[in-house]
Amino acid sequence: MAVGKEQVEAALAKVSAPGGKTLTDAGVLSDIVVTDGKVFFSITVDAAAVKLWEPVRKAAEDAVRAVPGVQSALVALTAERAAGAAAQRAPQQPAPGQQAQRPAHPADNTPTGVPGVDAVIAVASGKGGVGKSTTAVNLALGLRDLGMKVGILDADIYGPSLPKLLAIKEKPQTIGGTRLKPISRYGLTVMSIGFLIDEETPMIWRGPMVMSAITQMLREVEWGKLDVMVVDMPPGTGDAQLTMAQQVPLKGAVIVSTPQDLALIDARRGIAMFKRVNVPVLGLVENMSYFLCPNCGERSDIFGYGGAHREADRLGVPFLGEVPLHMTIREKSDSGLPVVATEPDGEHARIYRDIATKVRDQLTGGAAAGRTAPKIVIEA
Ligand SMILES: Nc1ncnc2c1ncn2[C@@H]1O[C@H](COP(=O)(O)OP(=O)(O)O)[C@@H](O)[C@H]1O
Ligand SMILES: [Mg+2]
């Protein structure tokens, strides 16, 4: 019999919370999402009380796991600062010269890093469907080819696609009941929010809950030692993305855009968003830049030529490269056989590796990043 919200709530009513109330009466629970035996919700508490609540989070998770029919439970603790809470917090400000203590709330502007991970970079786009995930995967593989130890985190809550793009069917295992073991694929260490939710599940999660799921994927996954973690961000430049950009300890962001003007406007918004949260924009990738005929190999600049490059120059961000619109990229990508891994000697792989090299150089402060090599233009 399928487990429902009521059974989960009944179990939570037996968990006691600080202050003498039960967890269900304490007014701290988000919506409870139950799908196919998987349960998710968050507990939102004051930042100052996080330590006090951690055992409660754990007890809630255990209680839910014990409900017959529950396969997994993800309970996240979110420290949320209400709009009016800033004033109350003021007395906690450190005296001048004193080390500031990191508040544990998602709006914090300087998130702590992920243990063992040298650099976290975002792959983002102003809107969906521009090839952000395809770029993220192939960029990660390109970085791998440069000898780096690479992880990839699918944080696209609207449409997690790494399970498909990397043909991952298995679910991650837990280690010691709490930490998750990421999946290995093509030498990448992979974690996707898609492992935790079903693709068909409507995205009815509330903001804090999404944030806490992201926090868990960053901090409660055994990433091991990584040179770089590539994060496939949710598309768009709304509040959710902004908060996430603040929440994830980003070294930089790669913006993916298609050449159409509309997409470029979205890309501009994306760049502005990262600048606002002081995350350096590592550059712009123009995806589906030109049409490469799968039969004759002829290039057609069907969207006009050079728009994204000009835009990158205008905005003062590096132009990382242009990826053609090509059947092979689509077919390979959608069948879990990313081109960089499965056609490493091909032209597409070379393009992605060039992009990866520019990204790597920026992360390591290597060769001056920016312009691509001159290219041959074939008129359509
Ligand atoms: N350069 C490309 N050439 C051909 N198809 C592409 C290319 N990049 C992405 N696609 C295809 O476009 C669709 C959307 O790509 P995806 O990476 O899922 O985008 P997003 O993550 O931005 O939603 C997928 O079917 C993908 O295979
Ligand atoms: Mg995607």
Side-chain angles (χ1 to χ4, degrees), residues 121-142 152-168 188 190-195 197 199-201 203 210 214 217 230-238 240-241 244 253-260 262-267 269-270 284-295 297-303 305 307-308 320-343 346-356 372:
I121 61 171
V123 175
S125 64
K127 62 171 196 178
V130 300
K132 179 174 54 65
S133 301
T134 302
T135 307
V137 166
N138 285 296
L139 167 64
L141 289 164
I152 181 160
L153 168 62
D154 182 0
D156 189 345
I157 46 181
Y158 305 113
S161 44
L162 287 198
K164 183 174 159 201
L165 297 192
L166 293 168
I168 297 172
L188 304 177
V190 189
M191 183 67 202
S192 169
I193 200 157
F195 297 151
I197 56 166
E199 265 178 75
E200 281 77 33
T201 307
M203 288 293 120
V210 166
I214 297 299
M217 289 202 297
V230 176
V231 183
D232 186 358
M233 297 283 277
T237 50
Q241 288 80 8
M244 198 180 288
V254 170
I255 310 286
V256 180
S257 179
T258 55
Q260 294 92 320
L262 265 182
L264 282 177
I265 290 170
D266 290 316
R269 288 203 190 102
L284 185 68
V285 171
E286 188 178 63
N287 189 38
M288 313 195 203
S289 175
Y290 50 93
F291 178 70
L292 207 53
C293 174
N295 301 319
E298 190 187 348
R299 169 181 172 143
S300 316
D301 288 300
I302 47 180
F303 304 111
Y305 174 74
L320 298 174
E322 41 197 39
V323 178
L325 173 66
H326 196 280
M327 198 59 138
T328 304
I329 296 180
R330 197 195 67 71
E331 281 173 357
K332 290 253 160 191
S333 194
D334 293 348
S335 49
L337 303 164
V339 275
V340 173
T342 59
E343 288 188 1
E347 174 64 8
H348 305 313
R350 190 193 59 72
I351 291 170
Y352 283 117
R353 274 197 302 271
D354 281 354
I355 292 171
T372 42

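All ligand and atom numbering here is 1-based and tracks the order in the structure. We use all heavy atoms of the structure for the numbers below, so side chains are in, but hydrogens, waters and symmetry mates are not.
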Undergrad: For Thr134 and ligand 1, does the shortest N/O to N/O distance drop below 3.5 Å?
TA: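 In this structure, Thr134 places an N or O atom under 3.5 Å from an N or O of ligand 1.
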Undergrad: Okay, side chain of Asp266, backbone of Lys127: is any donor-acceptor separation there less than 3.5 Å?
TA: no
Undergrad: May I ask you to check whether Lys132 has an N/O atom sitting below 3.5 Å from an N/O atom of ligand 1?
TA: yes
Undergrad: Starting from atom 13 (C) of ligand 1, what is the nearest protein heavy atom, named by residue and atom, and what distance separates them?
TA: Met288 CE, 4.8 Å
Undergrad: For Gly321 versus Ile355, what's the shortest heavy-atom pair and its separation?
TA: CA-CG1, 4.2 Å
Undergrad: Which of the numbered atoms in ligand 1 are below 4.0 angstrom from a heavy atom of Ser133?
TA: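 Checking each atom against Ser133, I get 17 (O), 20 (P), 21 (O).
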Undergrad: Output yes when a protein non-hydrogen atom is found under 4.0 Å of atom 2 (C) of ligand 1, and no otherwise.
TA: yes
Undergrad: With heavy-atom distances below 4.0 Å as the criterion, list the atoms of ligand 1 near His326.
TA: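 By the 4.0 Å cutoff, the relevant atoms are 3 (N), 4 (C).
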Undergrad: From the options Asp334, Leu337, Ile152, select the one residue that forms a side-chain contact (heavy atoms from CB on, under 4.5 Å) with Leu165.
TA: Asp334
Undergrad: By side chain to side chain contact (heavy atoms under 4.5 Å, CB included), which residues pair with Asp354, not counting sequence neighbours?
TA: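 By the side chain to side chain contact (heavy atoms under 4.5 Å, CB included) rule, Asp354 matches Arg350.
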Undergrad: Purely on distance, is any nitrogen or oxygen of Ser161 under 3.5 Å from one on ligand 1?
TA: no
Undergrad: How would you list, by chain and number, every residue that makes a side chain to side chain contact (heavy atoms under 4.5 Å, CB included) with Ala356, sequence neighbours excluded?
TA: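 So Ala356 forms a side chain to side chain contact (heavy atoms under 4.5 Å, CB included) with Leu139, Leu143, Leu146.
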Undergrad: Using a 4.0 Å cutoff against the non-hydrogen atoms of Pro324, which atoms of ligand 1 qualify?
TA: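 Within the 4.0 Å cut-off of Pro324, ligand 1 contributes 1 (N), 2 (C), 3 (N).
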Undergrad: Hey, does the side chain of Asp301 reach the backbone of Tyr290 with a donor-acceptor pair shorter than 3.5 angstrom?
TA: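 Such a contact is absent between Asp301 side chain and Tyr290 backbone.
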Undergrad: Is Ser289 close enough to touch ligand 1? Criterion: a residue heavy atom under 4.0 Å from a ligand atom.
TA: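 Checking ligand 1 against Ser289, which is what was asked, there is no heavy-atom contact under 4.0 Å.
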Undergrad: Who's the nearest protein heavy-atom neighbour of atom 8 (N) of ligand 1, and how far?
TA: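 Closest protein heavy atom to atom 8 (N) of ligand 1: Asn287 ND2, 2.9 Å.
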Undergrad: Closer than 2.8 Å to the Mg ion (ligand 2), what protein N/O/S atoms do you find?
TA: Ser133 OG
Undergrad: Please name the pair of heavy atoms, one in Pro294 and one in Met327, separated by the smallest distance, quoted to 0.1 Å.
TA: CG-CB, 4.3 Å
Undergrad: Would you say Asp232 and Ser133 are linked by a side-chain donor-acceptor pair, where the criterion is simply a distance under 3.5 Å?
TA: yes
Undergrad: Who are the side chain to side chain contact (heavy atoms under 4.5 Å, CB included) partners of Leu325, not counting sequence neighbours?
TA: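 For Leu325, the residues satisfying side chain to side chain contact (heavy atoms under 4.5 Å, CB included) (neighbours in sequence not counted) are Met288, Phe291, Ile302.
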Undergrad: Under a heavy-atom criterion of less than 4.0 Å, does Gly129 contact ligand 1?
TA: yes
Undergrad: Quick one: closest heavy-atom pair of Pro234 and Asp156, and the distance?
TA: CA-OD1, 3.6 Å
Undergrad: Select one of side chain, backbone, both or neither to describe which atoms of Leu165 lie under 4.0 Å from any atom of ligand 1, heavy atoms only.
TA: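 Within the 4.0 Å criterion, Leu165 makes no contact with ligand 1.
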Undergrad: At a 4.0 Å threshold, what atoms of ligand 1 neighbour a non-hydrogen atom of Val323?
TA: 1 (N)
Undergrad: Does the side chain of Val123 come within less than 4.5 Å of Met233's, by heavy atoms?
TA: no
Undergrad: Verify side-chain contact (heavy atoms from CB on, under 4.5 Å) between Leu284 and Ser257, making sure each step is shown before the conclusion.
TA: CA-CA 7 Å; Leu284 185 68; Ser257 179; 4.1 Å; yes
Undergrad: Within the 4.0 Å heavy-atom shell around Gly131, which atoms of ligand 1 are there?
TA: 9 (C), 15 (O), 16 (P), 17 (O), 19 (O), 20 (P), 22 (O)
Undergrad: Of all the atoms in ligand 1, which lie at a distance below 4.0 Å from a heavy atom belonging to Asp334?
TA: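 So the answer, numbered in order with elements, is 24 (C), 25 (O), 26 (C), 27 (O).
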Undergrad: Please report the shortest heavy-atom distance between Pro235 and Gly128, naming the atom on each side.
TA: CB-N, 3.5 Å
Undergrad: Test your reading of the model: is there a side-chain donor-acceptor pair from Asn287 to the backbone of Val256, 3.5 Å cut-off?
TA: no
Undergrad: Just jot down the ligand 1 atoms closer than 4.0 angstrom to any heavy atom of Leu325, in number order.
TA: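 By the 4.0 Å cutoff, the relevant atoms are 3 (N), 4 (C).
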Undergrad: Using a 3.5 Å distance criterion without hydrogens, assess whether the side chain of Asp154 forms a donor-acceptor pair with backbone atoms of Ser161.
TA: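 Yes: the side chain of Asp154 pairs with the backbone of Ser161.
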Undergrad: Please compare Lys332, Arg330, Glu322 and report which has the shortest non-hydrogen distance to atom 5 (N) of ligand 1.
TA: Arg330
Undergrad: At a 4.0 Å threshold, what atoms of ligand 1 neighbour a non-hydrogen atom of Ile329?
TA: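 What qualifies from ligand 1 is 1 (N), 2 (C), 3 (N), 7 (C).
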